[in-house]
**Q** 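After the structure tokens below, expect a handful of questions from me.
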Amino acid sequence: EKGGYDWFMLKEIAEQPQAVADTLLGRHTVDGQLQLDEMRLSDDELRDVDKIIIVACGTASYAGLVAKYAIEHWTRIPCEVELASEFRYRDPILDRSTLVVSISQSGETMDTLMAIRYARQQRARVLSICNTNGSTIPRESDAVLYTHAGPEIAVASTKGFLSQIVACYLLGLYLAQVKGTKYGDEIADIVHELEKIPAGIQRMLDDADQVRKLAQDLVGSKSVLFLGRHVGFPVALEGALKLKELAYIHAEGFAAGELKHGPIAVIEEGVPVFVVVPPKARDQLQEKIVSNIQEIRARGARTIVLAEDGDEDVVPYADHLIRMPKVPTLLQPLVAAVPLQVFACELADQLGHDVDQPRNLAKSVTVE
Ligand code: F6R
């Protein structure tokens, strides 16, 4: 049933091109117009939305953090992301024009369920992004957008995560289309770029041997750090979470711009640091992160750099270089997350841990 893989997690990592393609399937026309009629919210209701609050837990919340960048950019609607477990305890400001978007692979996470119940009591509209047909969260929501990742068995979410980002993007693009915002002409372009993403993910999978070797080299690490900027920041958080939960070693993700505000103090000789480098086209983000890489390397960090094809600026400062296909900045998480998943999986396997059932964790957390 693991289809020849040692772990469900490996199988599910390998299924990601399909999960992304299936989540896109049937949701846009050939000329890149979104069609999400299944969602049960009318275009008029969507035009009313003046604030979006994403609620989710763990990896799903990182999908939400990625989505915030895209949704605000395309729709110009303010978008917050909040851990579901915090949401209802802080008296959030909600009304009829607030769209609360929950993200949950299982559809059974208690904190997320409680958050959407609270949101509906406060008269907000609730749209849920979910991978499990007929589960509790979609049943209790005003609208649903399913991810079509197929069943996820391994406790650690992988294809769930990528398909959640894709579903959030479909929602963001649809809102932009309905509202006719000024970035609307990007919609068809982005849809076409999304269509190419499964091939990009496949390439990351085909190149995964070097990541597995790296994990074998780093088996003795006490701590591993992850840095990113913009949408690469939540990718760094996700890389760290995967490593913690599977390999049981200390790992932290940082926004690279925060280094000087504290985290750089923990950089010492030999500590492995993954750095997700944004595409060069993007403002000055790429240059800034290249200088961050120089800074940490000067302090002895072992740098593992994820950079797009053709970015030669990083080469002198990368102890290990992982290449990614050139994709638009907002889509980069869909390829960058893959080697981080493979790394965590391989390291945990090397340490002799049960990759699919990490200690102390359950696949769906149905208690608060
Ligand atoms: C991490 C992981 C968890 C889940 C979280 C939410 O690999 O799997 O952090 O993402 O428990 O679960 P769902 O998406 O089912 O609500």
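Indexing begins at 1, ligand by ligand and atom by atom, following the structure's order. Given the structure is predicted, the values throughout are model-derived calculations rather than measurements. Numbering of residues begins at 1 and proceeds along the displayed sequence.
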**Q** Can you list the ligand 1 atoms lying under 4.0 Å from a non-hydrogen atom of Cys57?
**A**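 What qualifies from ligand 1 is 5 (C), 6 (C), 10 (O).
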**Q** Judged by modelled atom types alone, do Asp43 and Tyr174 share a side-chain donor-acceptor pair under 3.5 Å?
**A**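 Checked: Asp43/Tyr174 side chains pair up, N/O donor to acceptor below 3.5 Å.
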**Q** Please report which non-hydrogen protein atom sits nearest to atom 12 (O) of ligand 1, along with the residue it belongs to and the distance in Å to one decimal place.
**A**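 Of every protein heavy atom, Thr109 OG1, 3.6 Å lies nearest to atom 12 (O) of ligand 1.
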**Q** Is the closest heavy-atom distance from Val155 to ligand 1 below 4.0 Å?
**A**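 Under 4.0 Å: yes for Val155.
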**Q** Side-chain donor-acceptor pair under 3.5 Å between Gln105 and Gln164, yes or no?
**A**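 No, no side-chain donor-acceptor pair sits under 3.5 Å.
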**Q** Applying a 4.0 Å heavy-atom criterion (strictly less than), which segment of Lys363 is in contact with ligand 1: side chain, backbone, both, or neither?
**A**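 Answer for Lys363: neither.
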**Q** Any donor-acceptor pair under 3.5 Å linking the side-chain atoms of Thr109 with those of Asp111?
**A**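 No donor-acceptor contact under 3.5 Å links the two side chains.
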**Q** Could you verify whether a donor N or O on one side chain and an acceptor N or O on the other, from Ser141 and Ser128, lie under 3.5 Å apart?
**A**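 Per modelled atom types, Ser141 and Ser128 side chains form a pair under 3.5 Å.
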**Q** May I ask you to list the atoms of ligand 1 that are less than 4.0 angstrom from any heavy atom of Gly58?
**A**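 Close to Gly58: 9 (O).
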**Q** Need the ligand 1 atom indices (1-based, order shown) with element for anything under 4.0 Å from a heavy-atom of Ala60.
**A**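 Contacts of ligand 1 toward Ala60, numbered from 1: 10 (O), 14 (O).
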**Q** Among all protein non-hydrogen atoms, which one is nearest to atom 15 (O) of ligand 1, and what is the separation to 0.1 Å?
**A**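 Here the closest protein heavy atom is Ser106 OG, 2.7 Å.
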**Q** To which protein heavy atom is atom 11 (O) of ligand 1 closest, and what is the distance rounded to 0.1 Å?
**A**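 The closest heavy atom on the protein side is Val365 CG2, 4.4 Å.
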**Q** Give a yes-or-no answer on whether the side chains of Ser135 and Glu108 include a donor-acceptor pair shorter than 3.5 Å.
**A**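 No, because no side-chain N or O of Ser135 sits under 3.5 Å from a partner of the opposite role on Glu108.
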**Q** How far is atom 7 (O) of ligand 1 from its nearest protein heavy atom, and which residue and atom is that?
**A**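 Of the protein heavy atoms, Glu245 OE2, 2.4 Å lies nearest.
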**Q** Which atoms from ligand 1 have a heavy atom of Ala156 less than 4.0 Å away?
**A**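 It comes down to these atoms of ligand 1: 7 (O).
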**Q** Hey, does the side chain of Lys363 reach the backbone of Val155 with a donor-acceptor pair shorter than 3.5 angstrom?
**A**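 At least one qualifying donor-acceptor pair exists.
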**Q** Should you measure from each heavy atom of Lys242, which atoms of ligand 1 turn up under 4.0 Å away?
**A**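 Counting from 1, the qualifying ligand atoms are 1 (C), 7 (O).
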**Q** Answer with yes or no whether the side chains of Thr147 and Asn131 bring together a donor and an acceptor at under 3.5 Å.
**A**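 The criterion, which ignores hydrogens and geometry beyond distance, is satisfied for Thr147 and Asn131.
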**Q** Quick one: look at Glu108 and ligand 1, take heavy-atom pairs under 4.0 Å, and tell me if it's side chain, backbone, both or neither.
**A**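 Answer for Glu108: neither.
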**Q** Quick one: look up the protein heavy atom nearest atom 14 (O) of ligand 1 and list residue, atom name and how far away it is.
**A**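 Answer, as residue, atom name and distance: Gln105 N, 2.6 Å.
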**Q** Counting heavy atoms only, which of Asn131, Thr147, Thr59, Leu246 is nearest atom 3 (C) of ligand 1?
**A**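 Looking at heavy atoms only, the winner is Thr59.
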**Q** Can you confirm whether the side chains of Asp44 and Ser42 place a donor and an acceptor under 3.5 Å from each other?
**A**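 Absent: no donor and acceptor within the cut-off.
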**Q** Can a donor-acceptor pair be found between the side chains of Gln16 and Thr158 at a distance below 3.5 Å?
**A**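 No, because no side-chain N or O of Gln16 sits under 3.5 Å from a partner of the opposite role on Thr158.
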**Q** Count the heavy atoms of every other residue, nucleotide or ligand shown that sit under 6.0 Å from CZ of Arg40, and state whether that count exceeds 12.
**A**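 Yes - once you tally the heavy atoms of other residues, nucleotides and ligands closer than 6.0 Å, there are more than 12.
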**Q** What atoms of ligand 1 come within less than 4.0 Å of a heavy atom belonging to Ser104?
**A**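 Those atoms are 13 (P), 14 (O), 15 (O), 16 (O).
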